[in-house]
Peer 1: 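I have a structure here, written as structure tokens, and I will follow up with some questions on it.
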Amino acid sequence: MTTAAQGQPAPGVIEYHHIDYIPKTERHGKVRDQFTLWFLANAELATLAVGFIGISLGLNLFWTLVAIILGEVFGTFFMAFHAVQGPRMGIPQMLQSRPQFGFLGALIPQAIAVFLFVGFNIFNTIIGGTALATVSGLPLEASVVIMAVVAFGLTMVGYDWIHFAQKWGTYIFLVVFGIFTVTVLFQGRLPAEHTVMGEFQLTPFLVVLGAVASYQVSQAPYVSDFSRYLEPGSTSRATFLWTYFGSALGSFWMIALGALLLALFPDAATVGSIVLGGDLLFEGFGTFALAIALIGMVTVIALNMYSGHLSGLSVVDAVVRVKAGRGVRLVAVAVIGVLGTGGSLLLPEDFLTSYGNFLFLILYFLTPWTAVNLVDFYVVRKGNYAILEIFKPNGIYGSWNARGLIAYFVGFVAMVPFFSTALYTGPVADAIGGADISVFVGLPVAGILYWILTRNIDLTEEQRLTEAEASELEASGEAAMHEAETY
């Protein structure tokens with residue numbers, strides 16, 4: 001992946017690292033690239049669909065935008081804090097769950113993360129395939145497969161090329177969708193019910209707030225995967241801020257744009273609203289904008305394949321040791337790609353309701369995990385881990401960590417009365433008209449409980465191993481590089 005002498009990316013080389021540690025000699029990249037990566041990861045068509053939720057429930061555009069802003073401000077904090085873990089630890093996001101949950105206990109959040117990545121790719125590939133079919137005239141099924149194949153190729157070349165695609169994709173997006181957004185704002189004619197502040201409705205307001213927050217929190221399992229090659233000395237503040245504003249601005253732009261488009265074109269679907277909005281400038285611009293949006297769709301499908309294969313290998317590694325190598329990456333990415341593409345070919349076209357339910361379902365399982373993981377990193381261990389022990393079944397972190405598991409499950413149970421889905425509505429959610437505020441319960445319950453349970457934890461041996469194994473850790477990373485080059 002890099003030239004050992006300079007620690008810089010070697011052009012044209014396919015990535016061979018996956019869940020193994022990234023040694024300091026291979027660290028590279030600029031912290032500001034986290035902005036463009038997370039901006040385009042959120043400024044895509046699937047994000048646009050989130051903006052449809054409030055308008056479809058009858059919420060006025062003004063209050064929809066207020067709920068979107070609050071959801072962004074709150075939810076993005078939790079995903080962006082994870083970015084700091086990447087350069088500090090040098091390993092993928094979900095592998096970092098082992099110190100909190102144990103070597104085997106971490107299988108619970110890791111398996112849920114695999115479901116997350118595959119699930120998001122089902123929706124992303126449907127939208128991307130529909131957009132490609134609209135632009136090209138190809139059959140939907142063929143378009144879905146094409147999007148998946150192109151994304152697979154980008155995922156296989158790996159980390160550096162994904163960052164490269166996100167950077168230039170962001171620049172192109174800013175130009176084209178800047179023109180698109182200005183056109184919609186000044187040429188679109190809002191119906192009367194959306195031209196003033198309108199009546200406040202608590203239930204749909206909370207639904208939008210929760211959906212936006214869940215969309216941001218659901219990105220937490222990705223974040224370190226795309227910051228783990230950064231220099232260990234990358235400042236926490238810079239890493240957090242570039243990630244936070246990239247993600248928040250990209251998602252706010254598209255979610256707010258989605259709400260505006262649905263208010264303007266109540267009968268339009270996600271892809272159709274782009275065509276109608278762009279054609280307000282001149283006929284054909286909407287189709288052109290949709291074609292440009294395909295860049296973001298390909299890259300976000302690649303992001304899901306990339307993080308999905310890392311979480312999948314973390315699961316497999318708990319059973320049999322996984323060595324670094326391009327062959328292993330190829331198989332793992334292919335499995336995640338096939339699962340996502342297969343699901344996208346089977347899911348019905350009318351998926352807006354399913355999409356909202358999916359977001360909340362994932363939020364339920366991810367909320368206590370992100371709370372436990374962040375409290376452990378920032379409060380309990382303050383970023384100091386014995387990384388080699390994370391790879392050992394009988395290491396210092398054990399097979400099952402009762403503290404993390406108890407906090408996780410108690411946090412999840414505390415959320416149940418606040419659930420509001422098509423399958424189940426908790427008593428509290430029912431009492432407030434079906435609104436879901438479980439995220440605001442699960443985060444503090446799981447995080448505070450984990451902090452209480454770890455207040456008497458003895459970190460002396462862990463700190464000793466962290467120092468004693470530092471040289472061995474770097475040597476293991478170098479050895480993985482040389483071993484992978486033989487594949």
Side-chain angles (χ1 to χ4, degrees), residues 1-2 7-9 15 17 22 24 26-44 47 68-94 96 154 158-175 177-178 212-213 215-256 295-296 299-300 302-304 306-307 310 366 370 373-374 377-378 382-383:
M1 178 95 182
T2 61
Q8 298 297 316
E15 183 182 9
H17 285 295
I22 310 299
K24 293 179 181 178
E26 296 191 65
R27 301 297 187 93
H28 62 275
K30 299 176 181 178
V31 176
R32 66 173 179 265
D33 289 342
Q34 296 298 307
F35 178 91
T36 52
L37 185 133
W38 290 110
F39 179 90
L40 194 64
N42 286 277
E44 44 94 9
T47 311
I68 292 170
I69 292 172
L70 293 177
E72 290 287 349
V73 171
F74 178 80
T76 311
F77 269 108
F78 297 93
M79 67 82 62
F81 275 125
H82 288 288
V84 179
Q85 298 170 317
R88 190 68 171 266
M89 300 180 70
I91 57 177
Q93 186 69 69
M94 296 312 297
Q96 298 172 22
L154 179 59
Y159 180 95
D160 285 331
W161 285 102
I162 289 175
H163 271 279
F164 178 84
Q166 295 293 84
K167 179 188 297 184
W168 288 99
T170 294
Y171 299 154
I172 296 170
F173 175 93
L174 289 172
V175 174
F177 272 84
V212 174
Y215 190 80
Q216 292 303 93
V217 172
S218 67
Q219 297 176 74
Y222 298 74
V223 188
S224 283
D225 298 344
F226 300 99
S227 65
R228 73 192 199 281
Y229 278 91
L230 291 175
E231 296 280 353
S234 301
T235 66
S236 298
R237 176 179 294 182
T239 306
F240 170 81
L241 290 176
W242 284 116
T243 302
Y244 184 93
F245 285 106
S247 180
L249 292 175
S251 57
F252 172 75
W253 188 337
M254 291 304 279
I255 294 174
I295 299 172
T299 58
V300 80
L303 290 178
N304 283 292
Y306 189 88
S307 287
L310 292 176
L366 287 178
T370 193
N373 183 262
L374 290 176
F377 182 84
Y378 286 98
K382 297 179 173 58

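These numbers were taken from a predicted model, which means no experiment stands behind them.
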Peer 1: Any non-hydrogen side-chain atom of D160 less than 4.5 Å from a side-chain atom of H28?
Peer 2: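 Yes, their side chains come closer than 4.5 Å.
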Peer 1: On a heavy-atom basis, which atom in A41 and which in V300 lie closest, and how many Å separate them?
Peer 2: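 Between these two residues, the closest heavy atoms are O-CG2, 3.6 Å.
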Peer 1: Do L174 and W253 come close enough that some side-chain heavy atom pair is under 4.5 Å?
Peer 2: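 Yes, side chains in contact.
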Peer 1: Could you tell me the separation between the OG1 atom of T76 and the OH atom of Y215, rounded to the nearest 0.5 Å?
Peer 2: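 Here the rounded value is 11.0 Å.
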Peer 1: If only atom types and distance count, is the side chain of E15 paired as donor or acceptor with the main-chain N or O of Y159 below 3.5 Å?
Peer 2: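 Indeed, once roles are kept as given, a pair shorter than 3.5 Å links the two residues.
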Peer 1: Over all heavy atoms of both residues, which pair between L249 and F39 is shortest? Give the atoms and the distance, please.
Peer 2: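 Result for this residue pair: C-CE1, 4.1 Å.
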Peer 1: Just how far is it from atom OG1 of T36 to atom CH2 of W242, taken to the nearest 0.5 Å?
Peer 2: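 Spacing of OG1 (T36) from CH2 (W242) equals 9.0 Å.
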Peer 1: Please report the C-alpha distance between Q34 and T239 in whole Å, then the side-chain angles of each, then the deciding distance to 0.1 Å, and finally whether the side-chain hydrogen bond (donor to acceptor under 3.5 Å, both in side chains) criterion is met.
Peer 2: CA-CA 7 Å; Q34 296 298 307; T239 306; over 6 Å; no
Peer 1: If you compare all heavy atoms of G86 against all heavy atoms of S227, which two are closest, and at what distance to 0.1 Å?
Peer 2: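 For G86 versus S227, the nearest heavy atoms are CA-OG, 3.3 Å.
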Peer 1: Is the side chain of R27 donor-acceptor paired with the backbone N or O of I22 at a distance under 3.5 Å, no angle test?
Peer 2: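 Looks like yes, one N/O pair under 3.5 Å.
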Peer 1: What is the minimum heavy-atom distance between S247 and Q216, and which atoms define it?
Peer 2: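 Nearest pair, atom of S247 first, then Q216: OG-NE2, 2.8 Å.
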Peer 1: Please examine the side chains of F77 and F240, heavy atoms only from C-beta on, and report whether any two atoms are closer than 4.5 Å.
Peer 2: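 The answer is yes; the side chains approach within 4.5 Å.
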Peer 1: Below 4.5 Å, heavy atoms only, C-beta onward: do Y229 and H163 meet side chain to side chain?
Peer 2: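 Not touching, per the 4.5 Å side-chain cut-off.
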Peer 1: Testing the 3.5 Å rule here: is there a donor-acceptor pair between the side chains of S251 and E72?
Peer 2: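 On atom types as modelled, these side chains qualify, holding a pair under 3.5 Å.
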Peer 1: Hey, could you give me the CZ/NZ distance between F35 and K30, rounded to the nearest 0.5 Å?
Peer 2: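 These two atoms lie 15.5 Å from each other.
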Peer 1: What is the distance from atom CE of M79 to atom OH of Y222, rounded to the nearest 0.5 Å?
Peer 2: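 Going from CE on M79 over to OH on Y222, the span is 10.0 Å.
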Peer 1: If you measure from CH2 on W168 to CG on L40, what distance do you get to the nearest 0.5 Å?
Peer 2: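 Those atoms lie 13.5 Å apart.
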Peer 1: Any side-chain donor paired with an acceptor under 3.5 Å for T47 and E44?
Peer 2: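 Result is yes, a qualifying pair exists.
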Peer 1: Could you check whether any side-chain N or O of Q93 sits under 3.5 Å from a backbone N or O of S224, counting only pairs where one atom can act as donor and the other as acceptor?
Peer 2: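 Yes.
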Peer 1: Without swapping roles, check the side chain of T370 against the backbone of L366 for a donor-acceptor pair under 3.5 Å.
Peer 2: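 The answer is no, because no donor-acceptor pair under 3.5 Å joins these two groups.
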Peer 1: Any sub-3.5 Å donor-acceptor pair from T299's side-chain atoms to I295's backbone N or O?
Peer 2: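 Here the side-chain-to-backbone pair exists.
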Peer 1: Any side-chain to backbone donor/acceptor pair from Q96 onto I91? Under 3.5 Å, distance only.
Peer 2: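 Yes, the answer is positive, given that a donor and an acceptor are paired below the 3.5 Å cut-off.
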Peer 1: Please check if the side chain of S234 supplies one atom and the backbone of P87 the other of a donor-acceptor pair under 3.5 Å.
Peer 2: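 Not a single qualifying donor-acceptor pair exists.
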Peer 1: When rounded to the nearest 0.5 angstrom, what is the spacing between CG in L303 and CG in L154?
Peer 2: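 If I round to the nearest 0.5 Å, the distance is 8.0 Å.
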Peer 1: Hey, are the side chains of H82 and L374 touching, using non-hydrogen atoms and a 4.5 Å cut-off?
Peer 2: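 In contact.
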Peer 1: Is it the case that the ring center of Y306 lies less than 6.0 angstrom away from the ring center of F226?
Peer 2: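 Here the rings of Y306 and F226 have centres that are less than 6.0 Å from each other.
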